[in-house]
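The structure under discussion appears below in the form of structure tokens.
Everything numeric in this text was worked out from a predicted model, so none of it was measured. Start at 1 with the first residue, then count along the sequence.
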Amino acid sequence: MSKISLVSSIFLVLLSCNIAFAQKSQLQIARNSVGKLQVAINAKQDAKKQLAILGEGIKATDAAQNDNKTKKWPETWAIKAYLSSYISIIDTDEGNADKYYNFAVQATDSARKLDKFQANYRLIDAAAFNVNIRKQKKGNTAYANGDFAAAYDLLKEVSDLLPKDTTLAINTALSAQNNQSYDKALVYFKRAKDNGIKNPVVFQNMANIYTSKFEHELAIRTLEEGIKVNPYNVFLTNDYINLLLDNEKYTEAMQVIESTLKVENNNKLLYFLYGYLQQHKSNNSTAELAYNKALGLDENYFDALYQLGIVYINSANEALRSGKSERNQKFISYINRAEIALLQAHEINQNDKATVQLLIEIYTRKNRLDKVQELKGKLEEF
């Protein structure tokens, strides 16, 4: 009996040794797969060959993680995390790539918990890097599909790990902004700005968010910062001037326009705004020159034609009040000019009520009752 028991014991010991050896062999296969993969990457082998190597390694790590001993080894999980993460970024089958992305996330978490002495940090860090590449791709896809909440959650995680990446920060901010999470958007726009981004869109979006929050001084300051790194950028300058005007900072707006026009004389909006400010100060002759400059760049510029018509009406009224002998002649001259400008404006935008009402006023003064009735009929059609 004892002999039989002895033989049985020897058999059991040998069996246990063989199983342990087998699991260690599986881990060695997994290690070898990592090495083979690096060789394949360096040799620029195609994805099909790389996936074959990865499949062999994953099979080995699956066996190792199911063993009571090797499943407790951080190396098992670190290798699985790395191999899975690499599949997630090169596999063109999105479903399979997503599956291995999830495996990689779980394996990375297990490896970190077990790797108390950080002996496998290179594999773990490489896996985390690949996971973030996949996460960024998923975030960009979510953004393209209009799922801005998901895009923000994914891109935020990557941006927080790579805070110096300004493009990533901007995409995270845009995701939040499109999801109407404006405070979150500001955090990532600021991150991009603080890391040296010069893209005018960043400053414009930040200013728009501040304006929506009624933080007008911050909006103005942000556009000033944007103009500092993008001198004479048309869009930033226009936004800046409009913001100054909206906040009744007319003197500052005038100074900005004048300095900009010295280097940029083909911007019809700047001439229009300059004319508008001069008109606001009752400098009708200077306003007239500015509007004509704008119309010289675009003869169908409705706003300039409309305001020019008002300038001529104001000048006509001033002529009447002047008491000078030639006042009637000047009045007629200005009214005729106003009529021409407003008729041109009306031809461009026939649905503008204000233009029609001014023309009615002019024809009433001219005693052109037929025109008055015609235009009043148009008003009733609106």
Side-chain angles (χ1 to χ4, degrees), residues 23 25-67 70-71 73-114 120 122-162 165 167-168 170-172 174-175 178-179:
Q23 298 311 326
S25 296
Q26 290 300 321
L27 196 57
Q28 187 59 52
I29 291 170
R31 290 190 194 111
N32 291 343
S33 295
V34 174
K36 288 179 184 178
L37 180 61
Q38 298 311 309
V39 171
I41 293 169
N42 292 336
K44 297 183 179 178
Q45 292 182 5
D46 61 31
K48 187 176 180 181
K49 290 179 180 177
Q50 291 182 25
L51 284 169
I53 296 168
L54 288 160
E56 181 184 314
I58 287 292
K59 185 178 178 181
T61 58
D62 285 346
Q65 81 177 58
N66 290 323
D67 176 69
T70 52
K71 74 178 181 181
W73 294 2
E75 185 183 12
T76 300
W77 296 99
I79 293 174
K80 178 164 186 177
Y82 176 67
L83 297 178
S84 297
S85 71
Y86 203 80
I87 292 174
S88 78
I89 61 174
I90 69 166
D91 197 330
T92 55
D93 182 330
E94 285 298 309
N96 205 48
D98 257 348
K99 181 177 78 172
Y100 279 96
Y101 162 77
N102 291 326
F103 287 163
V105 171
Q106 293 164 9
T108 302
D109 185 53
S110 296
R112 282 197 170 120
K113 288 177 181 176
L114 293 168
N120 300 281
R122 286 190 178 87
L123 279 172
I124 295 171
D125 287 350
F129 183 82
N130 290 340
V131 162
N132 284 322
I133 291 175
R134 179 66 187 171
K135 198 176 288 183
Q136 188 172 352
K137 184 180 179 183
K138 285 166 68 69
N140 292 338
T141 300
Y143 185 93
N145 292 332
D147 189 352
F148 302 118
Y152 171 76
D153 289 339
L154 288 161
L155 295 175
K156 173 188 180 299
E157 290 182 31
V158 186
S159 182
D160 289 348
L161 288 168
L162 303 169
D165 188 326
T167 300
L168 186 54
I170 292 172
N171 290 340
T172 307
L174 290 172
S175 299
N178 280 299
N179 198 42

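Considering every non-hydrogen atom in both Asp46 and Lys49, the closest pair reads OD1-N, 2.9 Å. What you find for Ala97 and Asp91 is that their closest heavy atoms are CB-O, 3.8 Å. Across Ala30 and Thr61, no two heavy atoms sit closer than the pair CB-CG2, 3.6 Å. Residues Gln65 and Lys71 approach most closely at O-CB, 2.9 Å, considering heavy atoms.
Taking the six-membered ring for Trp and thresholds of 30 and 60 degrees, Phe103 and Tyr100 have ring planes more than 60 degrees apart, a perpendicular arrangement.
A cation-pi arrangement is found for Lys138 relative to Tyr101, the charged atom lying closer than 6.0 Å to the ring centre and inside a 45° cone about the ring normal.
Remark: the Tyr152 side chain and the Asn178 side chain contain no N/O donor-acceptor pair separated by less than 3.5 Å. Between the side chains of Gln28 and Asn32, at least one donor-acceptor pair of N or O atoms lies under 3.5 Å.
Between Glu56 and Arg31 there is no salt bridge, since none of the side-chain N atoms of the basic residue sits less than 4.0 Å from a carboxylate O of the acidic one. For Lys99 and Glu94, the salt-bridge test fails: no basic side-chain N is under 4.0 Å from an acidic carboxylate O.
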Working for side-chain contact (heavy atoms from CB on, under 4.5 Å), residues Trp77 and Thr108: CA-CA 7 Å; Trp77 296 99; Thr108 302; over 6 Å; no

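Proximity of a side-chain donor or acceptor of Asp165 to a complementary backbone N or O of Leu168 within less than 3.5 Å is detected.
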